[in-house]
> 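Quick one: structure below, then a few questions.
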Amino acid sequence: MAGIEPAQAERRLEELGLALPAPPEPFGAYVMAVQAGPLLFLTGMLATRGREAAYVGRVGIELDLESGRDAARLAALNALALARRHLGTLDRVRRVVRLGVMIASSAGLREHPSVADGASELLQDVFGKARASSRLVYGVASLPLGSPIELELIFEIED
């Protein structure tokens, strides 16, 4: 990409003092990552630690906005851990193409973008604003394990 310096995501993680968790494992009959040409598709990333939901509930009911943002950030850390395992290094990420954010929420929640920013801001901190993604955010009635957040990510990668 013209005008964008080579990725230094691994250095940024270190500078930010972020240690990635162990990559998540599937909860069903699917694979966690699929590469198609220069694109890496990650399955739904939950706000989990190991095999357990770290946050349970719906934003605007059992959880407040800040807890929702924290859950989105944790789901993004899980996504980075999975991408690193698949790619060997996050420095192979050219761009975060798309971030999909599903939020289990109350019917009256209107702050979806603010909750989703928990994930978007982390990805921008790691990859830089020049690699910011397009984004789709929507509220849903429930998500697996009672998690308030589920992320879908598509990365463009270098060989």
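Any value given below was found using the heavy atoms of this structure, including those in side chains, with hydrogens, waters and symmetry copies removed.
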> Per the salt bridge (Lys or Arg N to Asp or Glu O under 4.0 Å) rule, what does the pair list look like for residues 39-50, sequence neighbours excluded?
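For residues 39-50, and leaving out neighbouring residues, there are no salt bridge (Lys or Arg N to Asp or Glu O under 4.0 Å) pairs at all.
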> Filter on side-chain hydrogen bond (donor to acceptor under 3.5 Å, both in side chains), then keep only pairs touching residues 136-153, sequence neighbours left out; what's left?
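Those involving residues 136-153 do not exist here.
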> Checking the side chain of Q35 only, and the main-chain atoms of L40 only, is there a donor and an acceptor separated by less than 3.5 Å?
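Side chain of Q35 to backbone of L40, a donor-acceptor pair under 3.5 Å: no, none is there.
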> In the hydrophobic clustering (ILVMFWY, side-chain contacts below 4.5 Å, transitive), which residues join Y55, or is it alone?
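Direct or chained contacts put Y55 with L63, L74.
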> Would a single hydrophobic cluster contain both L143 and L151, if residues Ile, Leu, Val, Met, Phe, Trp and Tyr are joined by side-chain heavy-atom contacts under 4.5 Å?
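No, separate clusters.
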> Out of curiosity, I157 CD1 to R94 CZ, how far, rounded to the nearest 0.5 Å?
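Going from the CD1 atom of I157 to the CZ atom of R94 covers 11.0 Å.
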> Would you kindly confirm whether V97 and L87 end up in one hydrophobic cluster when ILVMFWY residues are joined by side chain heavy atoms under 4.5 Å apart?
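They do not share one cluster, since no chain of ILVMFWY contacts under 4.5 Å joins V97 to L87.
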> Once you round to the nearest 0.5 Å, how far does CZ of R98 lie from CG of L39?
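Answer for the CZ-CG pair, R98 versus L39, is 12.5 Å.
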> Indicate yes or no for a side-chain donor-acceptor contact from R131 to the backbone of V96 under 3.5 Å, with no hydrogens or angles considered.
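Not a single qualifying donor-acceptor pair exists.
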> Any idea which heavy atoms bring V56 and E62 closest together, and the distance?
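What the structure gives for the nearest pair is O-CB, 4.5 Å.
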> When rounded to the nearest 0.5 angstrom, what distance separates CG in D91 from CD in E10?
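Rounded to the nearest 0.5 Å, the CG-CD separation comes out at 5.0 Å.
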> Side-chain heavy atoms under 4.5 angstrom apart, residues restricted to Ile, Leu, Val, Met, Phe, Trp, Tyr: same cluster for I154 and V137?
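No, no single cluster joins them.
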> Could you tell me whether a side-chain N or O of R95 sits under 3.5 Å from a main-chain N or O of S133, the two making a donor and an acceptor?
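Here the side-chain-to-backbone pair does not exist.
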> Do you know the tightest heavy-atom contact between I149 and A71?
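Nearest heavy atoms, I149 then A71: CG1-CB, 3.7 Å.
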> Is there a path of hydrophobic side-chain contacts, each under 4.5 Å between heavy atoms, that joins L13 and L82?
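Linked, L13 and L82 end up in one cluster.
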> Can any side-chain N or O of R12 pair as donor or acceptor with the backbone N or O of F127 at less than 3.5 Å?
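No; judged by distance alone, with no hydrogens or angles, the pair does not exist.
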> State whether E14 and R11 are salt-bridged, where the test is any N-O pair (Lys NZ or Arg NE/NH1/NH2 against Asp/Glu carboxylate O) under 4.0 Å.
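The answer is no: the pair does not qualify as a salt bridge.
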> Heavy atoms, side chains only, cut-off 4.5 Å: are D159 and R92 in contact?
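The answer is yes, as the side chains (C-beta and beyond) meet within the 4.5 Å cut-off.
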> Going by atom type alone, with no hydrogens or angles, which donor-acceptor pairs under 3.5 Å involve a side-chain atom of residues 17-33 and a protein atom two or more places apart or on another chain?
unit_1: E25; atom_1: OE2; unit_2: R85; atom_2: NH1; d: 3.0
unit_1: Y30; atom_1: OH; unit_2: F27; atom_2: N; d: 2.9

> Give the table of side-chain donor-acceptor pairs shorter than 3.5 Å for residues 102-120, with sequence neighbours excluded, one pair per line with atom names and distance.
unit_1: S106; atom_1: OG; unit_2: L109; atom_2: N; d: 3.2
unit_1: R110; atom_1: NH1; unit_2: G108; atom_2: O; d: 3.3
unit_1: D117; atom_1: OD1; unit_2: R135; atom_2: NH1; d: 2.8
unit_1: D117; atom_1: OD1; unit_2: R135; atom_2: NH2; d: 3.4
unit_1: S120; atom_1: OG; unit_2: R135; atom_2: NH1; d: 2.8

> In the single-linkage hydrophobic clustering (I, L, V, M, F, W, Y; side-chain heavy atoms under 4.5 Å), do V59 and I61 co-cluster?
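Each belongs to a different hydrophobic cluster.
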> Just grab all the salt bridge (Lys or Arg N to Asp or Glu O under 4.0 Å) pairs involving residues 65-77, residues at least two apart or on different chains.
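Sorted pair list: R69-E121.
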